[in-house]
Amino acid sequence: MQVFTFERGENMLSLHEYESRIDRPVMMKIPEFNRENRLKHILFSSQMDKMMIDMLCRTALKIKHISSTKPGSDYLLSLLSHKRAMLYFTQVSTRTFMSFMAASQILGIKCNEIRDQNLSSEFKGESPLDSIRMFSSYFDVIIMRSKTPNFAEACAYLMNDLDQFNQRSVPIINAGAGADEHPTQALLDIFTLQRTFGFTSKKDSSKWNYYRELKKNHPDLTKGLNDKVYGFCGDLRRGRTVRSLVNLLSLYENISVAFISPDSEDFRFPEEEIKRLEHRGVTVYEYFSLDEAIDKVDMLYMTRIQKEYDKPDQSKNYDELIGEFILTPERAERLKTYCPILHPFPRNEEIPFEIDSNPRAMYFRQARNGMWVRAALIAHLFDVESQIANYYQDKFSEYHNYNMEAI
Ligand code: CP
């Protein structure tokens, strides 16, 4: 059995109480985190099926459009102005923290934050589980990122137990824990891919159509996420975003995944997870240089070497290793014309700044999409999606001819 611990100054405290529940296969736990086909807590990407993903992405798109006008923005602000969120981020973050904050603000939620345990009473020895229970007294949702594997999950069990005894209990959102999972990142990545593989362009007109043009050179190209080869490059063993995204991609039809990493157990996507993907019907390729794979993929998802998870005995000589996995401008030109370049960020040297002006570069748009998707997730947790849909229908659909068909 694994030992689940979290750091508290010099001390290590065990999550013994939750070990047996944490140790179960994910699929066994999911019913405890969902409620009547809805999310109750957000912990794993596997909690979302294709129908839920599509529904959340549609809500995200509606929120994006509604918030583009002042009356729409004011309407969204009114929806959850009676709610408060705690952002408990004791592991570093820029995008996830900021986009959850912005998403909450879009819906009128008031936010508070703890980013350093030493500025809370944990410095005086309070257990993080006690902290979470205290937050649940003051706030209506807890959004958390922790170094400690399974800590968000343990907090969700704590909330479920409180609920059983009719005590106050609030939703827990895993905003990326340790090297485990990053479910909300996976959803924003899917949203970005849906938008990209809708193949619409601002230049589309009755005479010119982007998708029709693409089909001239790529006759087999389909709209949407089915029938694609998804390339993932870099540190695939320790990147939580890759694990969560391939899990969601495996829900789509006729997809292949190309894992591109140094030929080392330290970086390759784990063997047992490859077997699981193959079992679900995904075709998996492995490449040990980016050059070999670059012209074969329909999407390229770059990741950085996650040096912060290095074991003491792990090779630190990355300079030699990484050369094969840098997306140089020359390599980027070999990508298919429509192939989006994604990256969860932060980036290091694997995507040079020159790539930012390449029309395939989607990573800044991807990061902004995080705000819409996280707003949709929060709207779902508080059950205000139908209000958003009704407002959109009443006030927006007649003014905007947005293409939602790819979703
Ligand atoms: N993508 C992502 O999780 O970024 P942050 O670590 O900055 O939140």
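Residues: numbered from 1 along the sequence shown. Heavy atoms only: backbone and side chains are in, while hydrogens, waters and symmetry mates are out. If you're wondering where the values come from, they're calculated on a predicted model, not measured in any experiment. Atoms within each ligand, like the ligands themselves, are counted from 1 in listed order.
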Tell me: protein heavy atom nearest [atom], and distance?
atom                   : answer
atom 1 (N) of ligand 1 : P344 O, 2.8 Å
atom 2 (C) of ligand 1 : T96 OG1, 3.5 Å
atom 4 (O) of ligand 1 : R95 NE, 3.1 Å
atom 6 (O) of ligand 1 : R145 NH1, 2.9 Å

Q | Ligand-side contact atoms (ligand 1) for residue partner F345, heavy atom cut-off under 4.0 Å | A | 1 (N), 2 (C), 4 (O)
Q: Take the angle between the ring planes of Y75 and Y391 and call it parallel below 30°, perpendicular above 60°, tilted in between.
A: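 Ring orientation of Y75 relative to Y391: parallel.
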Q: Look at the rings of Y392 and F396 and say which category their plane angle falls in: under 30° parallel, 30 to 60° tilted, over 60° perpendicular.
A: parallel
Q. So does R347 pair up with D356, basic N to acidic O under 4.0 Å?
A. yes
Q.
Less than 3.5 Å apart, any donor N or O on the side chain of R374 or T184 sitting next to an acceptor on the other?
A.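 Short answer, yes.
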Q. Is the closest N or O pair between T94 and ligand 1 shorter than 3.5 Å?
A.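 It does: an N or O of T94 is found under 3.5 Å from an N or O of ligand 1.
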Q: Please state whether H182 comes within less than 4.0 angstrom of ligand 1, counting heavy atoms only.
A: yes
Q) Taking R243 as the fixed residue, which of E181, H182, E273 is the one that meets the side chain to side chain donor-acceptor pair (under 3.5 Å) rule? A)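 Testing R243 for a side chain to side chain donor-acceptor pair (under 3.5 Å) against E181, H182, E273 leaves exactly one candidate, E273.
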Q. More than 12 heavy atoms of other residues, nucleotides or ligands under 6.0 Å from CZ of F123: is that the case?
A.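 No, the 6.0 Å shell around CZ holds no more than 12 heavy atoms from other groups.
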